[in-house]
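Beneath this line is the structure, given in structure tokens, with notes to follow.
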Protein chains: 2
Amino acid sequence: MSKTSLIQDYKTACSNCHLRELCLPVGLSPDDLQKLNNIVKTRQPVLKGEKLFTEGDEFNSLFAIHTGFFKTSITATDDGREQVTGFQMTGEIIGLDGIVNDLHTCNAIALEDADVCVLPFENIELLSREFPALQRHMHKIMSREIVRENEVIMLLGTMQAEERLAAFLLNLFQRSHMRGFSKSEIVLRMSRQDIGSYLGITLETVSRTFSKFCDEGIIEIKQRYVRIIKPEALKEIFNPNKSCQ
Amino acid sequence: MSKTSLIQDYKTACSNCHLRELCLPVGLSPDDLQKLNNIVKTRQPVLKGEKLFTEGDEFNSLFAIHTGFFKTSITATDDGREQVTGFQMTGEIIGLDGIVNDLHTCNAIALEDADVCVLPFENIELLSREFPALQRHMHKIMSREIVRENEVIMLLGTMQAEERLAAFLLNLFQRSHMRGFSKSEIVLRMSRQDIGSYLGITLETVSRTFSKFCDEGIIEIKQRYVRIIKPEALKEIFNPNKSCQ
DNA sequence: CGCTTATTTGAATGTCCTCAATCACCGTGG
DNA sequence: CCACGGTGATTGAGGACATTCAAATAAGCG
């Protein structure tokens with residue numbers, strides 16, 4: 001075994017990856033866990049601004065984000081309109097949209113330098129047949145994505161700008177906090193344009209709404225640095241009619 | 001074997017169901033196909049207006065629509081806002097959102113009298129481990145739902161009212177036509193309120209936009225009956241900048 | 001046939017968008 | 001080190017599209 005492959009084996013082994021609880025928390029015995037290491041083919045770097053995959057690319061693998069931050073987007077076939085469909089961080093899986101037609105139907109772009117674990121889908125299906133716990137986990141991951149998108153649809157269908165931005169911030173901070181970062185401070189990895197696209201509003205409205213929150217003492221914001229001063233106020237904006245029920 | 005169970009076996013057998021190509025088109029040998037019949041537990045009627053499941057219900061099964069038409073919706077936790085997340089017709093599978101937390105996270109309501117096949121999820125997982133073709137099919141169904149929701153997000157995030165309604169009509173007619181119905185005529189099963197909720201606009205805007213399409217000779221509409229006169233015009237509205245690219 | 005609900009249409013209002021200018025930041029090169 | 005250009009973000013003013021509120025009409029259901 002070459003030195004290179006030894007290093008790679010070490011680097012890509014799920015069994016001793018500190019992200020496993022986030023990424024593949026299937027309850028397996030230590031022996032079975034070794035087999036799970038076969039699920040990862042390689043670790044692949046993606047530089048900031050680079051595309052991991054694009055609409056129309058052949059689908060072979062899912063990707064688990066080891067480090068870094070991505071956005072996914074789709075573009076209207078005819079005019080060039082872009083719609084950001086999500087932001088993904090450490091431990092999250094991207095590429096699920098590609099399974100149905102063996103083609104990726106969205107773009108995944110790194111918003112900071114990243115490393116992803118390449119999970120060949122054939123491996124996943126093979127191992128899923130062997131390990132019910134892994135099978136169940138894959139089903140849950142897909143279902144979770146469906147539920148997440150349901151929530152985005154709700155946001156886009158019923159909320160106005162301030163509510164959308166409050167929901168966005170709360171969600172981002174919650175996920176960031178789950179990964180061991182501060183509950184109150186964050187550095188946004190995406191532009192105002194990206195936020196606006198995701199929330200179905202213009203970048204100017206994003207900026208104006210941030211400023212409004214700032215004036216009201218709810219957040220502190222300087223460019224991409226955000227600090228939450230009054231989380232309750234954000235939750236109140238997110239659920240405006242709470243007291244009316 | 002009692003007469004009842006014989007009838008049920010006959011009624012719910014996938015192997016001789018005329019919808020199989022729509023619902024479970026997995027390439028299996030006749031012998032294997034017999035085993036697939038075990039996937040369906042029962043056939044269950046749902047009357048118009050009844051709920052098949054509700055947010056918070058325990059999740060046990062997916063449902064395949066045998067006959068009928070459903071809407072799925074979610075409601076904001078605090079105020080009562082409803083967001084319609086989709087309309088489902090014959091051959092489509094509902095309930096995928098429930099897998100992740102073993103709880104349904106949306107409501108499924110019959111918009112006309114319906115029959116659904118109850119597919120216990122444990123059966124699906126068991127048979128999926130045995131039949132790679134079924135496993136692959138289930139993955140594709142979930143991925144398809146993710147892609148569908150991506151398209152809804154695009155619609156809600158970037159399109160204006162006329163485009164949304166054009167996209168809605170084209171999608172509905174296409175799916176209806178795939179099931180052997182007319183390419184140009186349809187009877188809507190849902191209210192203007194439901195359409196508006198799905199498209200993120202008010203019922204008044206739905207009505208006004210229908211009237212506008214009517215004035216322009218693109219469609220003919222009388223209450224819930226719709227006839228498409230100029231499908232190209234609808235496609236043009238859906239893709240406004242086609243000629244500019 | 002009468003009641004209830006769904007749909008259509010109108011007028012006024014409001015939220016967000018568009019267009020435009022200014023400002024802040026970051027990296028580059030002088 | 002600082003000036004410079006480019007990109008990203010903020011802010012303002014006017015306008016457009018969709019909403020809200022309201023009334024009238026039509027349709028479905030007992």
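Quick note on labels: first sequence line is chain A, next is B, and so on, each numbered from 1. Atoms considered below: every heavy atom in the structure, side chains included; atoms not considered: hydrogens, waters and symmetry mates.
Considering only heavy atoms from C-beta on, B:Thr85 stays 4.5 Å or farther from B:Asp97 through its side chain.
Residues satisfying the salt bridge (charged side-chain N to carboxylate O under 4.0 Å, His left out) test with B:Asp115, not counting sequence neighbours, are none. Residues satisfying the salt bridge (charged side-chain N to carboxylate O under 4.0 Å, His left out) test with A:Asp113, not counting sequence neighbours, are none. In this structure B:Phe59 satisfies the ring pair (Phe, Tyr, Trp, His ring centres under 6.0 Å) test together with B:His104, B:Phe121, sequence neighbours excluded. Partners of B:Glu55 under the side-chain contact (heavy atoms from CB on, under 4.5 Å) rule, at least two apart in sequence or in another chain, are B:Ile74, B:Thr75, B:Asn107. Judged as a side-chain contact (heavy atoms from CB on, under 4.5 Å), and not counting sequence neighbours, the contacts of B:Lys230 are B:Glu232, B:Ala233. Every residue two or more places apart in sequence or in another chain that forms a side-chain contact (heavy atoms from CB on, under 4.5 Å) with B:Arg179 is listed here: B:Leu22, B:Met89, B:Thr90, B:Glu92, B:Arg175, B:Phe181.
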Filtered N/O pairs between nucleotides 22-24 of chain C and protein, under 3.5 Å:
none

Taking only N/O atoms, report every protein-nucleotides 19-23 of chain D pair under 3.5 Å with atom names and distance.
| from | atom 1 | to | atom 2 | distance (Å) |
| --- | --- | --- | --- | --- |
| D:dT19 | OP1 | B:Thr202 | N | 3.2 |
| D:dT19 | OP2 | B:Thr202 | N | 3.3 |
| D:dT19 | OP2 | B:Thr202 | OG1 | 3.0 |
| D:dT19 | OP2 | B:Thr205 | OG1 | 2.3 |
| D:dT20 | O4 | B:Arg208 | NH2 | 2.9 |
| D:dC21 | N4 | B:Glu204 | OE2 | 3.2 |

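Whole-Å rounding puts the B:Arg192 CZ to D:dT25 P distance at 19 Å. In this structure, the CZ atom of B:Phe210 is 23 Å from the P atom of D:dT25, given to the nearest Å. One can place OH of B:Tyr225 at 23 Å from P of C:dA6, the figure rounded to the nearest angstrom. The separation between A:Leu165 atom CG and C:dC16 atom P is 11 Å, rounded to whole Å. If you take CZ of A:Phe213 and P of D:dT10, they are 13 Å apart, rounded to a whole angstrom. Across the protein-nucleic acid pair, B:Leu188 atom CG and C:dT8 atom C1' stand 15 Å apart, rounded to whole Å. Going from atom CZ of A:Arg164 over to atom C1' of C:dC16 covers 10 Å, rounded to whole Å. If you measure from atom CG of A:Leu199 to atom P of C:dC17, you get 11 Å, rounded to the nearest angstrom.
Between A:Phe63 and A:Phe53, a ring centre-to-centre spacing shorter than 6.0 Å is recorded.
Between the two ends of the helix from C:dC1-D:dG30 to C:dG30-D:dC1, each summarised by a five-pair axis, the helix axis turns through 40° (rounded to 10 degrees).
Counting only heavy atoms from C-beta on, B:Ala161 has its side chain closest to D:dA18 among C:dC16, C:dT7, D:dA18.
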Considering only distance and modelled atom types, tabulate donor-acceptor pairs under 3.5 Å from the side chains of residues 203-210 of chain A, sequence neighbours left out.
| from | atom 1 | to | atom 2 | distance (Å) |
| --- | --- | --- | --- | --- |
| A:Thr205 | OG1 | A:Thr202 | OG1 | 3.0 |
| A:Thr209 | OG1 | A:Thr205 | O | 2.6 |

Between side-chain atoms of residues 215-226 of chain B and protein atoms elsewhere (two or more places apart, or another chain), which donor-acceptor pairs fall under 3.5 Å?
| from | atom 1 | to | atom 2 | distance (Å) |
| --- | --- | --- | --- | --- |
| B:Glu216 | OE2 | B:Lys212 | NZ | 3.2 |
| B:Arg224 | NH1 | B:Arg189 | O | 3.4 |
| B:Tyr225 | OH | B:Glu185 | OE2 | 2.6 |

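At a threshold of 4.0 angstrom between heavy atoms, the contacts of B:Ser207 include nucleobase atoms, whether or not backbone atoms are also involved.
Within the structure, the salt bridge (Lys or Arg N to Asp or Glu O under 4.0 Å) test picks out the following pairs touching residues 58-77 of chain B (sequence neighbours left out): B:Lys71-B:Glu82, B:Lys71-B:Asp194.
Positionally, the nearest nucleotide of DNA chain D for A:Met190 lies more toward the 5' end than for the other of A:Met190 and B:Gln160.
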